[in-house]
Every structure is written in structure tokens, then in C-alpha cells.
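What you see is a predicted model, and the numbers here were worked out from it, not measured in a lab.
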Amino acid sequence: MLIQSRDNGFIHPHSSEITPRGVYEGRRDMLKWLAGGAAGAAMASWAARDALAQVAAPGKLAPLPGVKSTVLGAQTMEKVSDYKDVTSYNNYYEFGTDKGDPVKNAGTLKTKPWTVEVEGLVKKPGKYGIEDLIKLSAQEERIYRLRCVEGWSMVIPWVGYSLAELIKKVEPQGNAKYVEFITLADPKTMPFVGSRILDWPYAEGLRMDEAMHPLTLLTFGMYGEVLPNQNGAPVRIVVPWKYGFKSGKSIVKIRFVEKEPGTAWNKAAAQEYGFYSNVNPNVDHPRWSQATERRIGDGGGLFAKRTKTQMFNGYEAQVGQLYAGMDLKKFY
């Protein structure tokens, strides 16, 4: 049986059209026109950032707007994926193993009230209600590429703020080297919890410098609205340079630890899913190549035209220094 990973945040993670596709195509045409004029490169650069930073909300859930992010790498210029694709083609094994299961089954998830407990090697442990977490820092829109370990990809406008803001507030102790994220595991509202696929609850982790990187996003929304249940409501992590299953969803606990924590897919199949799981076209999955990917929504299904996978999912300039000197085939 094919073992999948949790992209979109899920096990191998996370409806109708966001807006007519013509909105995005019209914006791109406008940018091409500007680029050809006297104001050329400067005008096109400004207009591109402005257009992509204001993705229209689909009007499905409560609004959660974000200001334009100034973090380097936080605004990819690629075409944003359709809301329908992002919310109906994903992995969240607590709600089923097929791509369409989460959107069908995640309606049972109860996201209010919701508390995230911060514990472990920190000076200021505590419990945070979701409302308090949302208010902790200004919400930003980040348009990130998402690359699934299965070889497919999307472009998603998330809303949140750098996880580093929360980390600084709780003041990790000097011996805290890793951050662990624990997903809710409630068999009453998550029908596949208890299955033998994984060791529940779903757990993920990052090295401290990865968690502190400004691109690592504590995420509360997407497309200008709160997260849909199937995409990890009400709070998840997004780490854009790693395969999607590294971005834990529906988080109830954040733990600071000294030793590398065990993670769900690494425990299930260590030879296939390493702790780091950085997007790397030069390190194949044992059962398939990672050199190329297919963009969901571009047509063709499994036979869609494939494009070359970018090192660190295109974020090498921002995060490559985190892994200087490391053997990325050994630390896969």
C-alpha cells in the first residue's frame, strides 16, 4: 500500500472558486503592460507585489485579513492555486486517507473553544486561547509555494505571523534545541484517529533555528479567511521549504525540548521520511523521484506536465544557510 505523507499540512497535510480565474489573469496582463512602459521594471515590481498581496477572500468563512508581509521570500509571484483545489485535494489522515476525505469528513471538528498549551523548556509556559494567539502579533499574508512529498504542489495565500513571535514571548531556556508540535487526536470528532496508519497523536518538530526563521508561519487563515477545518483549523504551522507533512495542523500543544523529537512519519517509516524533510530534487524518495512535480489545477491530472523541483522549494536564498556543511542525503 502506498504510504502517503501529510501535505497541506497533513499526513502526507490541508468551495467554490475563490474568485473568477480572470481576476488573476487580468492582474498578470496588467503587470506585463506596465513592464513594457516607460516606468518599466520599477512599476511592474511595485504592481506585482501589490496585486499578489491582496488576494480576494472567497466568502466562505469568517474574514481574517492580513497585511502585506515584508519578510524576504514571503510573496511568491507564481499564480495562486484555486481555493476549491486547496480545500478539496489534501491530506489529513485523522479524517481519512483519500484526498477528498478531509473536505467530506472534517465538519465534525470543533474549533471553539480551542487552547494551545506551551510547555517544556521555556521560562513562560502557559495555555493560550485561540483568540489570544491571533492577537499576539499582526496578521500577515504570505503567498507560499507548497510541495507535497508525493510530488504535487500548490501556491497558497496563508494568513498568520512568524512563529518566532510566540517563541520570543515564551522565552525558551538555553537547552531548548527543538520545538515539537502536537495535533489534536480526538476519536469523537476525528474518525480515523486510532487507525493503525500512524502513532497518534500526530507529532512534528523543527530544530530551534528552523522554528525561529521568519518564514516559519504560525497560521490562522488562508485566502483572507480563517482556516477551513480540512486545512488545519484553527491553527497550524507552515514551513514552506519543507515537504508539506512537516507543517502540523490543528495544533493543541507546542513543546520545547532538548533532544530531537520523534515525528509521526519518521516513526512510521524512517527509511522514507526523515526528520528534516527539506524539499530536495537531488534526494529521491525510496519509491519515486523528487526531481519534478505537478502543479494541482494546471490540468491533466496525474499526467499533467511536470516541472523541475526547486531546491528548498525555491527558498534556498532564505534558508540554505541553516544547513551549511550538512550532508543533506544523510539528514534527509
Quiz item: Taking NZ, NE, NH1 and NH2 as the nitrogens, is one of them in Asp82 or Lys84 under 4.0 Å from a carboxylate oxygen of the other?
Solution: no
Self-check item: Test item: Val155 and Thr76 side chains (from C-beta on) under 4.5 Å apart, heavy atoms
Solution: yes
Exercise. Step by step, work out the side-chain contact (heavy atoms from CB on, under 4.5 Å) result for Arg207 and Tyr276.
Key: CA-CA 9 Å; Arg207 207 170 60 190; Tyr276 286 93; 3.3 Å; yes
Exercise. Indicate yes or no: at least one non-hydrogen side-chain atom of Trp152 is less than 4.5 angstrom from one of Leu146.
Key: yes
Exercise. Could you please spell out the steps behind the side-chain contact (heavy atoms from CB on, under 4.5 Å) verdict for Met190 and Tyr202?
Key: CA-CA 12 Å; Met190 299 170 137; Tyr202 191 88; over 6 Å; no
Practice problem: Could you grab the distance from atom CZ of Arg295 to atom CZ of Arg145, nearest 0.5 Å is fine? | Solution: 8.0 Å
Quiz item: Under a 4.5 Å cut-off applied to non-hydrogen side-chain atoms, are Leu109 and Leu184 in contact?
Solution: yes
Exercise. Determine, using ring centers only, whether Tyr323 and Phe312 are less than 6.0 Å apart.
Key: yes
Quiz item: Quick one: does Lys127's side chain have a donor or acceptor within less than 3.5 Å of a partner on Val118's backbone?
Solution: no
Self-check item: Lys177 with Glu258: basic N within carboxylate O range, under 4.0 Å
Solution: no
Self-check item: Point-to-point distance, once rounded to the nearest 0.5 Å, from OG1 of Thr219 to CD1 of Ile251
Solution: 8.5 Å
Exercise. Look only at the side chain of Trp114 and the backbone of Glu131, and say whether a donor-acceptor pair between them is shorter than 3.5 Å.
Key: no
Quiz item: Tell me, do Met222 and Val238 make a side-chain contact under 4.5 Å, heavy atoms counted?
Solution: no
Exercise. Report whether Tyr332 and Met326 are members of the same hydrophobic cluster (ILVMFWY, side-chain heavy atoms less than 4.5 Å apart, transitive linking).
Key: no
Quiz item: Is there a donor-acceptor contact under 3.5 Å from the side chain of Asn231 to the main chain of Pro228?
Solution: no
Quiz item: Considering residues, nucleotides and ligands other than Leu72, do more than 12 of their heavy atoms fall under 6.0 Å from its CG?
Solution: no
Quiz item: Only one of Gln290, Glu150, Glu272 clears side chain to side chain donor-acceptor pair (under 3.5 Å) with His285; which?
Solution: Glu272
Practice problem: Report yes if the side chains of Tyr92 and Phe192 come closer than 4.5 Å at any heavy-atom pair, otherwise no. | Solution: no
Quiz item: Between Lys135 and Asp132, is there a salt bridge with N-O shorter than 4.0 Å?
Solution: no
Practice problem: Begin with the C-alpha distance, continue with both residues' side-chain angles, and end with the deciding distance and a verdict on side-chain contact (heavy atoms from CB on, under 4.5 Å) for Tyr243 and Val279. | Solution: CA-CA 6 Å; Tyr243 293 119; Val279 176; 3.8 Å; yes
Quiz item: Quick one: does Tyr223's side chain get under 4.5 Å of Val159's, heavy atoms only?
Solution: no
Quiz prompt | Pair Lys60 + Glu225, salt bridge at N-O below 4.0 Å | solution = no
Practice problem: Evaluate the side-chain proximity of Phe95 to Pro191: yes if any heavy-atom separation is below 4.5 Å, no if none is. | Solution: yes
Quiz prompt | Distance (rounded to the nearest 0.5 Å) between Met154 CE and Asp298 CG | solution = 11.0 Å
Exercise. Count the heavy atoms belonging to other residues, nucleotides or ligands that lie under 6.0 Å from NZ of Lys267, then report whether that count exceeds 12.
Key: yes
Quiz item: Charged N to carboxylate O below 4.0 Å: is that the case for Glu204 and Lys242?
Solution: no
Quiz item: Is the gap between the ring centers of Tyr161 and Phe220 under 6.0 Å?
Solution: yes
Self-check item: Common cluster, Leu322/Val283, ILVMFWY with side-chain heavy-atom separation under 4.5 Å
Solution: no
Quiz prompt | Short side-chain to backbone donor-acceptor contact, Asp186 and Lys188, under 3.5 Å | solution = yes
Quiz item: Run the side-chain contact (heavy atoms from CB on, under 4.5 Å) check on Glu293 and Thr307 step by step: do they pass?
Solution: CA-CA 5 Å; Glu293 63 192 66; Thr307 58; 3.6 Å; yes
Quiz prompt | Positive for side chain to side chain donor-acceptor pair (under 3.5 Å) with Ser162, one of Arg142, Lys168, His213 | solution = Arg142
Quiz prompt | Side chains of Leu166 and Ile254 in contact at under 4.5 Å (non-hydrogen atoms) | solution = yes
